[in-house]
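Just so we're clear, the structure is a prediction, and the values are computed from it rather than from any experiment.
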Amino acid sequence: MAGNRRPAGRPRTRILNREVITDAARRIITSDGVPALTMTRLAQRLSVTPSALYNHATSKQEILRWIVDSIMGEVDASAFDSEPWREATRAWAASYRDVMVAHAELISSVATIEVTDSPRTVAMYEQVVSGLHRAGFPFEACLPFIAALESFIYGAAFNELAPADIFDPGDEGDVAPNFVAAVEASQRGRNLRDINDELFDIGFNAIVESTAKRLGVD
């Protein structure tokens with residue numbers, strides 16, 4: 001019968017590659033978090049068998065590396081090609097922070113997954129190191145400086161996600177009058193965006209200027 005005929009031609013199959021797998025995995029994490037990403041769940045999302053998925057990725061850890069690389073490709077380091085190193089470093093750090101805020105559930109992965117087989121991540125670091133070295137940073141000082149800034153950036157990203165009343169002592173205010181006074185003096189009448197930008201500048205300038213002084217970089 002006509003209703004039982006198979007469609008002409010070869011059956012349609014899902015073409016898998018790193019980009020397709022990474023995009024599907026990011027969608028799972030965005031909707032349900034990192035723990036929800038499993039090879040079985042990802043295979044279902046891609047409408048393939050787990051064995052087909054394993055032909056392209058050896059493990060969840062490898063896919064997480066691909067995701068991190070995709071995210072790090074969103075960090076803008078282009079200012080190092082044209083701006084003085086302080087301005088370029090701040091533009092890079094601010095972009096990095098904003099990308100981490102957008103992908104806060106992956107900060108732990110970004111901070112701990114190696115950069116092996118991560119072309120976008122390596123290209124970003126190459127821009128940063130090249131700009132710093134042109135400015136007078138010796139190679140041995142570049143990575144410690146970057147790592148110190150990254151540690152600060154991850155914290156700054158979490159701070160961006162904190163509630164506006166995070167320092168409200170509630171019923172404990174009566175026993176901490178100096179703390180209450182400090183909170184009111186620094187935050188009353190100010191919007192959260194301005195407060196967070198000030199905190200970012202304090203931390204950023206402390207790291208940058210102390211490093212510049214130590215290295216003798218103008």
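- A donor-acceptor pair under 3.5 Å is formed between the side chain of N191 and the backbone N or O of D194.
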Side chains of residues 211-218: which donor-acceptor partners sit under 3.5 Å, not counting sequence neighbours?
| residue | atom | partner | partner atom | Å |
| --- | --- | --- | --- | --- |
| T211 | OG1 | I207 | O | 2.7 |

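- Inter-residue side-chain proximity for V75 and D98 is flagged as unmet; no heavy-atom pair is nearer than 4.5 Å.
- Counting heavy atoms from C-beta outward, Y125 and L143 have side chains that stay 4.5 Å or more apart.
- Rounded to the nearest 0.5 Å, atoms OG (S78) and CD (E83) are 9.0 Å apart.
- Salt-bridge annotation for R97 and D197: present, with a side-chain N of the basic residue lying under 4.0 Å from a carboxylate O of the acidic one.
- Across every non-hydrogen atom of Q127 and A77, the tightest pair is OE1-CB, 3.6 Å.
- Hydrophobic clustering, defined by side-chain heavy atoms of Ile, Leu, Val, Met, Phe, Trp and Tyr closer than 4.5 Å, leaves V180 isolated from every other such residue.
- Residues E198 and I202 form a side-chain contact, since some pair of their non-hydrogen atoms from C-beta on lies under 4.5 Å apart.
- Contact check for D117 versus R18: side-chain heavy atoms found under the 4.5 Å cut-off.
- The shortest distance between side-chain heavy atoms of T22 and D69 does not fall below 4.5 Å.
- Of all non-hydrogen atoms in A57 and I63, the two that sit nearest each other are CB-CG1, 3.7 Å.
- At distances below 3.5 Å, at least one donor-acceptor pair connects side-chain atoms of T112 with backbone N or O atoms of S108.
- If you chain together ILVMFWY residues whose side-chain heavy atoms come under 4.5 Å of each other, L192 ends up in a group of its own.
- F200 and F204 have parallel rings, their planes meeting at less than 30° on a 0 to 90° scale where 60° marks the start of perpendicular.
- Under the 3.5 Å distance criterion, the side-chain polar atoms of T121 are left unmatched by any main-chain donor or acceptor of P119.
- Note: F179 and F167 have perpendicular aromatic rings, judged against thresholds of 30 and 60 degrees for the angle between ring planes.
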Inset, instruction - Decide yes or no on side chain to side chain contact (heavy atoms under 4.5 Å, CB included) for H56 and V20, but give the supporting numbers first. - result: CA-CA 11 Å; H56 297 269; V20 169; over 6 Å; no
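- Side-chain atoms of R65 do not come within 3.5 Å of backbone N or O of Q61 as any donor-acceptor pair.
- Comment: R27 engages D23 in a salt bridge, judged by a side-chain N to carboxylate O separation of less than 4.0 angstrom.
- Within the hydrophobic cluster formed by Ile, Leu, Val, Met, Phe, Trp and Tyr side chains joined at under 4.5 Å, directly or through other members, L161 is accompanied by V101.
- No continuous path of hydrophobic side-chain contacts links I107 to L199 [ILVMFWY only; heavy atoms under 4.5 Å].
- Applying the side chain to side chain donor-acceptor pair (under 3.5 Å) criterion to S70, with sequence neighbours excluded, gives R26.
- The two residues A79 and A91 make their nearest non-hydrogen contact at CB-CB, 4.0 Å.
- Atom CD of E172 sits in a sparse spot, with 12 or fewer heavy atoms from other residues, nucleotides or ligands closer than 6.0 Å.
- Remark: W85 pairs with F137 by the ring-ring contact (aromatic ring centres under 6.0 Å, His included) rule, at least two apart or across chains.
- The minimum heavy-atom distance between V122 and V115, with the atom names listed, is CG2-O, 3.9 Å.
- Judged by distance alone, with hydrogens and angles left aside, the side-chain atoms of E62 form a donor-acceptor pair with the main-chain N or O of T58 at under 3.5 Å.
- With hydrogens and angles disregarded, no donor-acceptor distance shorter than 3.5 Å links the side chain of D76 to the backbone of S95.
- Looking at heavy atoms from C-beta onward, L106 lies in side-chain contact with L64 at the 4.5 angstrom threshold.
- We find the NZ-CG distance between K60 and L53 to be 12.5 Å, quoted to the nearest 0.5 Å.
- Taken from CG in L149 to CH2 in W92, the straight-line distance is 5.5 Å, to the nearest 0.5 Å.
- A salt bridge is defined here as a Lys NZ or Arg NE, NH1 or NH2 lying under 4.0 Å from an Asp or Glu carboxylate O, and E74 with R120 fails to meet this definition.
- No path of Ile, Leu, Val, Met, Phe, Trp and Tyr side chains, each step under 4.5 Å between heavy atoms, connects I166 with Y154, placing them in separate hydrophobic clusters.
- By the criterion of side-chain heavy atoms lying less than 4.5 angstrom apart, applied directly or through intervening Ile, Leu, Val, Met, Phe, Trp or Tyr residues, W66 is grouped together with L16 in one hydrophobic cluster.
- The side-chain heavy atoms of F158 and M100, taken from C-beta on, include no pair separated by under 4.5 Å.
- The environment of CZ in R188 is sparse: at most 12 heavy-atom neighbours from other residues, nucleotides or ligands sit within 6.0 Å.
- Taking 4.5 Å as the limit, some side-chain heavy atom of I29 sits within range of a side-chain heavy atom of E105.
- Neither side chain, T38 nor T40, offers a donor N or O lying under 3.5 Å from an acceptor on the other.
- Criterion: ILVMFWY side-chain heavy atoms under 4.5 Å apart, direct or through other members. Under it, F152 and I195 are not part of a common hydrophobic cluster.
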